[in-house]
There are 2 protein chains.
Amino acid sequence: MDIKIVDVAAKAGVSPATVSRVLNNNSNVTSKTKDRVMQVIHELGYQPNAAAKNLRSQKTMAIGVIVPEINNSYYAEVIKGIENQAYALKYKVIICDTSNNKEKELEFINLLMNKTVDCMILVTPMMSDDEICHWADLDYSIGIVGRYIEHDKIPCVYTDNVKFSKEVVNHLVEQGHREIAFLSGYADAIDSYERLEGYLKGLREHHIPFRPEWIENGNFNKQGGYEALKRLVEKQVKFTAIYAANDEMALGIYQACGELGIKIPEQLAVIGVDNNRVSRYITPQLSTVNQPKNKMGGAIVDRLIDQLESGEMTENRVIILESQLIVRDSSRNPALP
Amino acid sequence: MDIKIVDVAAKAGVSPATVSRVLNNNSNVTSKTKDRVMQVIHELGYQPNAAAKNLRSQKTMAIGVIVPEINNSYYAEVIKGIENQAYALKYKVIICDTSNNKEKELEFINLLMNKTVDCMILVTPMMSDDEICHWADLDYSIGIVGRYIEHDKIPCVYTDNVKFSKEVVNHLVEQGHREIAFLSGYADAIDSYERLEGYLKGLREHHIPFRPEWIENGNFNKQGGYEALKRLVEKQVKFTAIYAANDEMALGIYQACGELGIKIPEQLAVIGVDNNRVSRYITPQLSTVNQPKNKMGGAIVDRLIDQLESGEMTENRVIILESQLIVRDSSRNPALP
DNA sequence: GTGAGTATTGCAATCGATTTCTTAATAGGT
DNA sequence: ACCTATTAAGAAATCGATTGCAATACTCAC
């Protein structure tokens, strides 16, 4: 049915080898035969069979990407960056959405690494460092977005959670707050841990004694944020500001405050992380931290492909990109000038 | 380096053919040898080489998906539905983001259809019907999301743009409006055309004479919506309600109204399409039309794979899913009970 | 015009799994 | 116990492109 390289070869009066050479490296082919072959290729609309090509050349020109939720805007933006750079480098992108399911994640990794893709990008906050190192030890070519991994062979691109979390605390203190609650995400996600760490360091830098009742968990989703705030209020915890480990939970906080009649930012300052689309449109506008998501995606692709094609470790294994505190109404003290 | 089927065969004391049979159809293998082979497979951690498998079996178990913007929530949700169903049917998903670039789109289609994927899903409002039919005539196995195509071989899943647009107009009329503007998207997008058609039919049903100055173009993006509203006001067009062909443009309308001091919904009723995440959070809450995006993605996968594996056309080539008018504050007449 | 050297091109092996065709082994019936 | 029917397993061809090696054609100098 389909047209094969032998068909092209026959019609052009050359051998399949020559056709292949025309299509690939082009080394040592007369421009006359080259033209003739190209002519036939266009006439017949020939396209090389990818499966055969992959098998023989041991390359697929494909990158696998594993994300927890493709419809979450953070991951969608990272993927966008990956897509763009992959396209520029002539790679295809296979996306695997794990729905936050770790089983699925492992399954995908196994599925893809058998010559389905040349390398993989993990954008997963759930998997442990050890597990990730394990894959790399098996000579799987992988890159990580959003966290740091201590392993020679694994390029990482991320923003410094600890650093920006300290900045968040700093900002809240500047606005006059001394009682600052923290709303964490999944307990086993690396981001939760690091943002908590930054929060604690921030408190310490301002000599604010930490109180355990300030910390609640909201599992990174809106419902979790809503419930967490209600718990805090019910337990009569005293706090004038709250740092949510992502914007999604901050939305839940807004909802709970609405129901409880708590005014933002007058009675409670709120700040999130992610710079979700919604954060700019909600009232009052939500302060947040913006991460260069597109750039992170692009950078990891660059690094991985470079490593893949050069066959050796790239110079800058670890790339830390700057994130940016975006102060909006939800955390601004109206009493200050 | 990697473990191959012959290695497994050797260690298990059988032929490669037997190992293959154990892994695939399992027809005619003693449970004793089967167990032994499985044992060895696990010991060695053998995974079949996908490239070889694809070449020999002429199948890739992969679906290509072409979308204009992966970070647009509408497409992200459709993709999520595709991903889930593909996973259930053991297919992989290759995503191609065209950034609304038609050249790129054609390039991707050619790239993928050469045994890189078994079939493709186009979620593209830009390509013409003729072009799409052209691919199908070349025996490319494709499915369409979001529009109807007149072609035997192409399964389509969509919501009825005309129908819900009439409902939108109907709703606005019920709220007391007779002067209703329409904000279109790209002129060459099928959605723009059909929503306009529904809008016009809606006006006619209510015997409202149509005025050409009511129609503006906003290219489906926020900036376009912003500029379009300003143009309408500048031209002193009279209208008390506006139907934006998507929520994104409605956001632009909100911004323009804010600057011009136009109150929503008191002075202008606004309604969009898409049920964007933002629409629920913006003030006033934006009325919109919700499409079952996940379901659309899942349905097209079902249909395509069914067709692919049965080898014949599925019964329900055309699937029309119900969309749902979501009335919120932006279009509710405060004077009505 | 001849020979050395290089530029083109073809032949055939190869990538790793699947599958058809055979052969060997087992089961079943009388 | 013997012959047939059926099942289990192996040998080898196959999918379609790439590539090392061999062969031929061509160029140029003397």
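To find a chain, count down the sequence lines: A is the first, B the second, and so on, and within it residues start at 1.
Ring-plane geometry between Trp135(B) and Tyr140(B) is classed as parallel, the angle between the planes falling under 30 degrees on a 0 to 90 degree scale with a further cut at 60.
Atom C1' of nucleotide dC15(C) and atom CG of Asp2(B) are separated by 12 Å, given to the nearest angstrom. Rounded to an integer number of Å, the gap from CG of Leu23(B) to C1' of dT18(C) is 11 Å. Atom CD1 in Ile41(B) sits roughly 13 Å away from atom C1' in dA17(C) (whole-Å rounding). One interatomic measurement links the two molecules: CD1 of Ile5(B) to P of dG10(D), which rounds to 12 Å at whole-angstrom precision. Taking atom NZ of Lys4(B) as the reference point, atom P of dT18(C) lies 15 Å away to the nearest angstrom. In this structure, Lys32(B) places its NZ atom 12 Å from P of dA8(D), rounding to the nearest Å. In this entry the distance linking OH of Tyr46(B) with P of dT18(C) reads 6 Å, nearest Å. The interatomic distance linking Leu55(A) (CG) with dT14(C) (C1') rounds to 9 Å, in whole Å.
Contact annotation for Thr18(B): backbone-only contact, meaning every heavy-atom pair under 4.0 Å involves sugar-phosphate atoms and none involves a base. Residue Val14(A) is in sugar-phosphate contact alone, with no base atom involved, counting any heavy-atom pair closer than 4.0 Å across all strands shown.
Of the candidate nucleotides dT9(C), dG16(D), dC11(C), dG16(D) has the atom lying nearest to any side-chain atom of Ala52(A). Checking dG10(C), dG16(D), dA13(D) against the side-chain heavy atoms of Arg56(B) singles out dA13(D) as nearest. Listed nucleotides dT19(D), dT8(C), dA9(D) differ in distance to Thr30(A); the shortest reach to its side chain belongs to dT8(C). Checking dA17(D), dG10(C), dT9(C) against every side-chain atom of Asn49(A), the shortest atom distance belongs to dA17(D).
Summarising the local packing, OH of Tyr74(B) is surrounded by more than 12 heavy atoms from other residues, nucleotides or ligands at distances under 6.0 Å. Annotation for Lys59(A): atom NZ counts as buried by contact number, over 12 foreign heavy atoms lying within 6.0 Å.
OP1 or OP2 of dC15(C) has not a single side-chain nitrogen or oxygen of Asn54(A) nearer than 4.0 Å. Within the 4.0 Å cut-off from OP1 or OP2 of dT9(C), at least one side-chain nitrogen or oxygen of Thr33(A) is found.
Between the side chains of Glu83(A) and Tyr91(A), no donor-acceptor pair is found at a separation under 3.5 Å. Using modelled atom types and a 3.5 Å distance limit, the side chains of Thr60(B) and Asn54(B) yield no donor-acceptor pair.
Of the two residues near DNA chain D, Arg36(B) and Lys53(A), the one whose nearest nucleotide lies more 5' is Arg36(B). Along DNA chain D, the nucleotide nearest Gln58(B) and the nucleotide nearest Gly13(B) are compared for position; the residue whose nucleotide lies closer to the 5' end is Gly13(B).
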